[in-house]
Amino acid sequence: MLILAFESTAKAASAALVRDGKLVSQYSQCSGLTHSRTLLPMGEDMLKNAELTLGDVDLIAVAHGPGSFTGVRIGVSMVKGLAWAADKPCVGVSTLEAMAWHGLAAGGLICPVMDARRSQVYNALFRMEDGRPVRLTEDRPIALTELAEELRAYKERVFLVGDGAELSFRTLSALGLPCGLAPENLRMQSAWGVAMAAMDKEPGSADSLLPVYLRLSQAERERQERLDRENES
């Protein structure tokens with residue numbers, strides 16, 4: 001099975017081709033340009049350089065969140081359009097589950113963390129078993145202090161991946177928790193991880209692909225806070 005995967009939930013964007021679990025090619029970019037300008041051209045160039053077309057692809061996968069609200073929307077919307085136009089099945093996968101694949105060589109307890117601001121990270125815990133990450137918790141926004149207490153109960157070293165890994169490493173180390181930091185080339189989100197996470201997911205149609213945000217956007221939070229103040233007065 002040939003999977004075309006996209007990742008746009010954070011600052012970096014990437015596209016990857018994975019055939020039967022083997023990486024064919026990957027294109028990553030962290031230039032500061034908006035994903036709406038870079039993501040689709042990256043996928044098109046990658047297919048062209050591999051002498052393939054969208055017609056050769058069996059499944060289109062995308063990280064559907066959590067992450068940047070704008071980045072998630074761009075990735076999901078683009079894949080919905082590609083899947084609809086080419087009449088291809090598609091699937092959305094958890095950004096955190098895709099990131100957990102970067103801990104494959106480390107093994108043990110894998111802790112993907114994305115900076116969610118407001119003193120929180122997006123996080124889920126996984127354990128490497130038989131060459132793949134097995135989920136231990138659901139995706140959630142969580143305070144680092146709360147995450148530290150949860151990790152303390154495992155009484156083992158944890159491997160940190162994600163754009164919040166460096167922040168988490170400093171905090172958790174200061175609290176006396178044993179943890180390892182993924183090297184920079186494995187730290188950020190990647191479309192390869194998206195493709196690997198998609199392999200055991202049930203494909204759907206473009207209509208069924210939806211973003212997963214986990215919490216309200218800043219504008220929505222501010223609106224809710226304003227309504228709450230008005231109701232109180």
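- Leu214 and Val121 fall into different hydrophobic clusters, defined by Ile, Leu, Val, Met, Phe, Trp and Tyr side-chain heavy atoms under 4.5 Å apart, directly or through other members.
- Annotation: salt bridge (charged side-chain N to carboxylate O under 4.0 Å, His left out) contacts of Arg170 (sequence neighbours excluded): Glu166.
- Between Cys111 and Asn123, the shortest heavy-atom distance links the atoms SG-ND2, 3.2 Å.
- Note that the CZ atom of Arg132 and the CE atom of Met199 stand 6.0 Å from one another [nearest 0.5 Å].
- The ring pair (Phe, Tyr, Trp, His ring centres under 6.0 Å) contacts involving residues 78-101 comprise nothing, where partners must be two or more places apart or lie in separate chains.
- Side-chain contact check for Leu47 versus Thr53: every heavy-atom pair is 4.5 Å or farther apart.
- Applying the side chain to side chain contact (heavy atoms under 4.5 Å, CB included) test to Ser36 and every residue at least two apart in sequence or in another chain returns Thr34, Ile74.
- Both Met78 and Val62 are part of a single hydrophobic cluster, where members link through side-chain heavy atoms under 4.5 Å apart.
- Between Val113 and Leu147 there is a side-chain heavy-atom pair separated by less than 4.5 Å.
- Surrounding CD of Glu129 are more than 12 heavy atoms belonging to other residues, nucleotides or ligands, all under 6.0 Å away.
- Considering all non-hydrogen atoms of both residues, Phe6 and Gly43 come closest at CE2-CA, 3.9 Å.
- Residue Leu210 shares its hydrophobic cluster (ILVMFWY side chains chained together at separations under 4.5 Å) with no other residue.
- Here the closest heavy-atom approach between residue Ser8 and residue Gly71 is recorded as OG-O, 2.8 Å.
- With sequence neighbours excluded, no residue forms a side chain to side chain contact (heavy atoms under 4.5 Å, CB included) with Asn49.
- Remark: side-chain polar atoms of His35 are paired, donor with acceptor, to backbone N or O of Ala10 under 3.5 angstrom.
- Within the 3.5 Å criterion, the main-chain N or O of Ser14 finds no donor-acceptor partner in the side chain of Ser28.
- Under a hydrophobic-cluster definition in which Ile, Leu, Val, Met, Phe, Trp and Tyr are linked whenever side-chain heavy atoms come within less than 4.5 Å, directly or via other members, Leu167 and Met99 are assigned to different clusters.
- Met1 is linked by a side chain to side chain contact (heavy atoms under 4.5 Å, CB included) to Ile3, Asp20, Asp58, Leu59, counting only residues two or more places apart in sequence or in another chain.
- Separation of atoms CD (Glu44) and CG (Leu39) is listed at 10.0 Å; rounding is to 0.5 Å.
- Contact between Arg135 and Phe126 at its shortest, heavy atoms only, is CA-CD2, 3.5 Å.
- Judged purely by atom type and a 3.5 angstrom limit, Thr171 has no side-chain atom pairing as donor or acceptor with the backbone of Ser168.
- Under the ring pair (Phe, Tyr, Trp, His ring centres under 6.0 Å) criterion, His102 pairs with Trp192, not counting sequence neighbours.
- Rounding to the nearest 0.5 Å gives a distance of 6.0 Å between OG of Ser94 and NE2 of His64.
- Pairing each heavy atom of Gly67 with each of Tyr122, the nearest pair is N-CE1, 4.0 Å.
- Nearest heavy-atom pair across Thr38 and Pro41 is O-CD, 3.4 Å.
- Between the side chain of Lys88 and the main chain of Val57, a donor-acceptor pair closer than 3.5 Å is present.
- Linking ILVMFWY side-chain heavy atoms closer than 4.5 Å, directly or via other members, places Leu96 and Val76 in a single hydrophobic cluster.
- Contact check for Asp139 versus Val212: no side-chain heavy atoms found under the 4.5 Å cut-off.
- Residues Pro133 and Ile110 are not in side-chain contact: their nearest non-hydrogen atoms beyond the backbone lie 4.5 Å or more apart.
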I'd like a table of donor-acceptor pairs (distance under 3.5 Å, sequence neighbours excluded) in which one partner is a side-chain atom from residues 148-165, with atom names and distances.
from   : atom 1 : to     : atom 2 : distance (Å)
Glu150 : OE1    : Arg140 : NH1    : 3.4
Glu150 : OE1    : Arg140 : NH2    : 3.2
Glu150 : OE2    : Arg140 : NH2    : 3.1
Arg152 : NH2    : Leu175 : O      : 3.3
Glu156 : OE1    : Arg127 : NH1    : 3.1
Glu156 : OE2    : Arg127 : NH1    : 3.4
Glu156 : OE2    : Arg127 : NH2    : 2.9
Asp163 : OD1    : Asp115 : N      : 3.1

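- Hydrophobic clustering, with ILVMFWY side chains joined whenever heavy atoms are under 4.5 angstrom apart, keeps Ile142 apart from Tyr213.
- With sequence neighbours excluded, no residue forms a salt bridge (charged side-chain N to carboxylate O under 4.0 Å, His left out) with Asp87.
- Remark: Thr9 engages Glu7, Ala63, Val72, Thr95, Met114, Gln189 in a side chain to side chain contact (heavy atoms under 4.5 Å, CB included) (not counting sequence neighbours).
- Listed by chain and number, the residues in a salt bridge (charged side-chain N to carboxylate O under 4.0 Å, His left out) with Lys11 amount to none (sequence neighbours excluded).
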Enumerate donor-acceptor pairs with a distance under 3.5 Å from any side-chain N or O in residues 177-188 to protein atoms, sequence neighbours excluded.
from   : atom 1 : to     : atom 2 : distance (Å)
Arg187 : NE     : Ala182 : O      : 2.9
Arg187 : NH2    : Ala182 : O      : 2.9

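- The CE atom of Met196 sits 11.0 Å away from atom CD of Glu97, with the distance rounded to the nearest 0.5 Å.
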